[in-house]
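Residue numbers count from 1 along this sequence.
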Amino acid sequence: MLANDLHVGSPRNRIDGPAKVTGQATYAAEFSTPDLMHGYVVSSSIAKGKITDIDTTAAEAVAGVMKIFTYQNRPRTAWFSSSYEDQVGPPGKPFRPLYDEAVVYSGQPIALVVASSFDIARHAASLVVVTYDAEPHQTNLEDARHESYEPPSKRFGMAPPSPRGDALKAFAESDLRISQEYSIAAEYHNP
């Protein structure tokens with residue numbers, strides 16, 4: 001038996017456990033550094049369309065605002081990311097925030113306010129005025145399901161695993177069948 005085998009399957013106390021459950025743990029965002037800048041994202045208020053104007057004048061006048069990035073003044077991005085292909089993802093270019101005036105989803109980042117404090121950045125972000133040319137959008141998954149992307153059976157030399165058994169047949173032949181479809185909002189483990 002190896003020394004590491006003693007840890008598998010046996011309970012272990014977390015060193016940071018008591019601090020986390022009592023609210024005493026210090027998280028990354030709570031560390032302060034001199035001259036640290038803070039950013040706050042301005043999100044689109046439409047689901048699809050184009051930005052026709054971004055007025056940052058009032059936000060730039062707020063004391064403590066260092067810079068406001070939009071598609072009009074963002075730093076250049078790496079050229080090679082435009083030809084990136086995912087192994088199973090749909091064809092096309094990857095989404096790049098602040099790349100152009102196109103809005104492709106609700107809440108898309110369209111500007112980034114950088115300021116000397118989080119509160120200043122958040123306040124200045126609320127002063128950014130965006131004008132859009134909105135386009136019709138689809139929000140019903142069932143209505144758009146026929147347009148969904150189905151990954152190819154083989155891509156980049158990779159084939160899907162061989163099927164094992166017949167799940168649909170086993171379900172149809174079972175004595176008890178419960179069939180239900182659930183839809184849930186996106187959930188992320190990182191705050």
Side-chain angles (χ1 to χ4, degrees), residues 20 23 25-151 155 182-191:
K20 284 185 174 180
T26 304
Y27 291 87
E30 297 171 316
F31 286 94
S32 182
T33 302
D35 301 322
L36 181 68
M37 293 289 106
H38 299 264
Y40 197 88
V41 173
V42 177
S43 301
S44 69
S45 60
I46 65 168
K48 185 178 181 183
K50 294 198 180 322
I51 299 167
T52 58
D53 186 52
I54 299 181
D55 184 359
T56 59
T57 309
E60 289 170 336
V62 174
V65 170
M66 304 303 290
K67 181 89 173 172
I68 300 176
F69 293 99
T70 70
Y71 75 92
Q72 297 164 321
N73 68 347
R74 65 166 173 76
R76 293 185 58 181
T77 54
W79 63 268
F80 55 83
S81 68
S82 65
S83 61
Y84 172 80
E85 283 190 62
D86 187 271
Q87 290 183 346
V88 293
K93 297 181 189 250
F95 173 73
R96 293 183 277 175
L98 310 182
Y99 186 71
D100 57 23
E101 71 278 3
V103 175
V104 295
Y105 68 91
S106 180
Q108 172 183 319
I110 57 172
L112 174 66
V113 178
V114 179
S116 57
S117 77
F118 177 77
D119 291 331
I120 291 172
R122 181 175 57 186
H123 169 66
S126 73
L127 301 176
V128 174
V129 178
V130 184
T131 308
Y132 303 96
D133 182 12
E135 298 173 14
H137 59 277
Q138 177 62 264
T139 58
N140 186 321
L141 180 61
E142 287 304 315
D143 290 347
R145 189 171 279 203
H146 69 280
E147 299 173 14
S148 64
Y149 173 76
E150 188 169 325
R155 191 164 182 188
Y182 298 93
S183 295
I184 59 171
E187 297 288 337
Y188 301 98
H189 74 281
N190 53 327

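The two residues I46 and K48 come nearest to each other via the heavy atoms CD1-O, 3.4 Å. For the residue pair V42 and A125, the shortest heavy atom distance occurs at CG2-CB, 3.7 Å. Taking both residues in full, the closest heavy atoms of V65 and A115 are given as CA-CB, 3.9 Å, listed atom of the first, atom of the second, then distance. When all heavy atoms are compared, the tightest approach of S117 to H38 is CA-CD2, 3.4 Å. When every heavy atom of A59 is checked against every heavy atom of I68, the shortest pair comes out as CB-CD1, 3.4 Å. Residues S44 and G107 approach most closely at OG-N, 3.1 Å, considering heavy atoms.
Atom OG1 of T26 sits about 11.5 Å away from atom NZ of K20, to the nearest 0.5 Å. Between atom CD of residue Q72 and atom CG of residue D53 there is a gap of 7.5 Å, rounded to the nearest 0.5 Å. Atom-to-atom distance recorded for R122:CZ and Y40:OH is 6.0 Å, nearest 0.5 angstrom.
Contact check for T70 versus L98: no side-chain heavy atoms found under the 4.5 Å cut-off. Taking the side chain as every heavy atom from C-beta outward, L127 and V62 approach each other to under 4.5 Å. The side-chain heavy atoms of I51 and I110, taken from C-beta on, include a pair separated by under 4.5 Å.
Not a single donor-acceptor pair under 3.5 Å links the side chain of S43 to the backbone N or O of P109. Remark: the backbone N or O of Y27 is paired with a side-chain donor or acceptor of E30 at under 3.5 angstrom. Between the Y132 side chain and the S45 main chain, a donor and an acceptor come within less than 3.5 Å of each other. Judged by distance alone, with hydrogens and angles left aside, the side-chain atoms of T52 form a donor-acceptor pair with the main-chain N or O of T131 at under 3.5 Å. Between the side chain of T33 and the backbone N or O of L36, no donor-acceptor pair lies under 3.5 Å. Proximity of a side-chain donor or acceptor of Q108 to a complementary backbone N or O of A102 within less than 3.5 Å is detected.
Between Y71 and Y99, the distance separating the two ring centers is not shorter than 6.0 angstrom.
A side-chain N or O of D55 and one of T57 form a donor-acceptor pair less than 3.5 Å apart. Side chains of T56 and E60: a donor on one and an acceptor on the other come within 3.5 Å.
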If you apply the rule side-chain contact (heavy atoms from CB on, under 4.5 Å), what do you find for Q138 with D143, and how did you get there? CA-CA 8 Å; Q138 177 62 264; D143 290 347; 3.6 Å; yes
